[in-house]
Amino acid sequence: MNTNQTSTQLQNLYLIGFMGTGKSVAGELAARKLGLQFIDSDNEIERHAGQKISAIFEESGESAFREMEKEFIREGHPRFGCLVSCGGGLPVQEGMLDALKERGLVAALWANPETIFERTKDNPTRPLLQVPDPLSKIAELLEAREGAYLAADKVISTEQRSPKTVSELIARFYEDNRASSSDR
Ligand code: S3P
């Protein structure tokens with residue numbers, strides 16, 4: 001990471017974590033606090049494709065969506081000054097977590113399967129959770145993915161915490177790291 005950053009070249013911050021961990025809500029609050037541009041990978045992919053995520057999954061398949069996520073990280077967002085909320089499966093793909101770490105700081109939001117289930121159960125926009133037993137699906141996916149989430153530069157639990165509190169923890173992590181990198 002370049003340590004001679006000007007205020008217009010603040011390093012990017014990537015928020016990762018499972019669906020329903022609050023990346024978008026806490027991320028947007030943290031971005032405002034930090035003076036970073038908030039970008040949501042799902043929204044950018046939908047805008048670029050002109051289709052909702054569920055339609056992309058239905059018409060082109062999950063693997064096509066995963067390629068769009070990779071393209072978004074490689075070429076589809078600014079290199080500086082952004083807080084990027086990443087779709088839950090993005091950092092799990094081969095090479096993607098390293099790609100995020102090369103481009104900035106990475107913080108993961110964490111929650112337990114039951115909490116995720118409660119937070120996502122009434123939202124029909126996530127194709128992977130439109131199954132007869134979403135709680136089991138969440139537990140299975142979380143187990144498969146936890147290695148990637150826990151390998152972030154910082155892991156923040158969102159259990160029993162409001163989005164505002166989580167956003168403050170995200171902002172503190174970013175500021176602490178920014179301060180220590182400019183001291184070097
Ligand atoms: C997915 C998470 C979703 C979205 C897509 C797939 C995943 O994003 O990218 O439905 O594989 O975990 P959010 O984590 O923002 O819900």
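The basis for the numbers below is simple: all heavy atoms, side chains too, and nothing from hydrogens, waters or symmetry mates.
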I need the minimum non-hydrogen distance between P134 and V131, along with the two atoms involved.
CD-O, 3.3 Å
Over 60° means perpendicular and under 30° means parallel, so classify the ring planes of Y14 and H77, tilted if in between.
perpendicular
Walk me through it: do E46 and Q51 pass the test side-chain hydrogen bond (donor to acceptor under 3.5 Å, both in side chains)?
CA-CA 5 Å; E46 288 184 336; Q51 275 185 312; over 6 Å; no
Nearest-0.5 Å distance that lies between atom OG1 in T115 and atom CZ in F18
12.5 Å
Nearest heavy-atom pair of T21 and A111: which atoms, and what distance?
CG2-N, 3.8 Å
Would a distance-only check, ignoring hydrogens and angles, find a side-chain to backbone donor-acceptor pair under 3.5 Å from D153 to A107?
no
E67: salt bridge (charged side-chain N to carboxylate O under 4.0 Å, His left out) partners, not counting sequence neighbours
K70
Under 3.5 Å, side chain of R119 to main-chain N/O of G20, donor-acceptor pair present?
yes
Quick check: is I53 connected to I16 through a chain of hydrophobic side chains (ILVMFWY, heavy atoms under 4.5 Å apart)?
yes
Hey, is the main chain of C82 close enough, under 3.5 Å, to the side chain of N12 for a donor-acceptor pair?
yes
Donor-acceptor pair, E159 side chain versus N112 backbone, under 3.5 Å?
yes
Could you list the residues that satisfy side-chain hydrogen bond (donor to acceptor under 3.5 Å, both in side chains) with T125, not counting sequence neighbours?
N123
Residues in salt bridge (charged side-chain N to carboxylate O under 4.0 Å, His left out) with R79, at least two apart?
none
Just verifying a value: how many Å separate F117 CZ and L129 CG, rounded to the nearest 0.5 Å?
9.5 Å
How long is the straight-line distance from CD of E62 back to CD1 of I56, given to the nearest 0.5 Å?
12.0 Å
Would you mind reporting whether V84 and F72 have side-chain heavy atoms less than 4.5 Å apart?
yes
Here the pair of heavy atoms bringing P78 nearest to Q37 is CG-OE1, 4.2 Å
Could you check whether S167 and R172, counting side-chain N and O atoms only, form a donor-acceptor pair closer than 3.5 Å?
no
Between the CG atom in D42 and the CE atom in M19, the distance rounded to the nearest 0.5 Å is 10.0 Å
Of all residues at least two apart in sequence or in a different chain, which pass the salt bridge (charged side-chain N to carboxylate O under 4.0 Å, His left out) check with E58?
none
Going only through I, L, V, M, F, W and Y residues with side-chain contacts under 4.5 Å, is there a path from I156 to L29?
no
Rounded to the nearest 0.5 Å, how far apart are CD1 of I116 and CG of L141?
9.5 Å
With sequence neighbours left out, write down each residue that passes ring pair (Phe, Tyr, Trp, His ring centres under 6.0 Å) with Y149, or none if nothing qualifies.
none
Which pair of heavy atoms, one from M68 and one from A49, lies closest together, and at what distance?
SD-CB, 4.5 Å
Determine whether the side chains of Y174 and D176 contain a donor N or O and an acceptor N or O closer than 3.5 Å.
no
Closest non-hydrogen atom pair between A99 and I73, with its separation
CB-CG2, 4.2 Å
Without placing hydrogens or testing angles, list every side-chain donor-acceptor pair under 3.5 Å for residues 89-98, not counting sequence neighbours.
residue : atom : partner : partner atom : Å
Q93     : NE2  : E69     : OE1          : 3.0

Nearest heavy-atom approach of P127 to S54 is CG-CA, 4.1 Å
To the nearest 0.5 angstrom, please state how far the CG atom of L128 sits from the CD atom of E140.
10.5 Å
For K52, is the NZ atom crowded, meaning more than 12 foreign heavy atoms sit under 6.0 Å from it?
no
Decide whether L15 and L169 are clustered together by the hydrophobic rule: side chain heavy atoms of Ile, Leu, Val, Met, Phe, Trp, Tyr closer than 4.5 Å, transitively.
yes
L109 with V25, same ILVMFWY side-chain cluster at under 4.5 Å:
no
Take atom CD of E143 as the centre, draw a 6.0 Å sphere, and report whether it contains more than 12 heavy atoms from other residues, nucleotides or ligands.
no
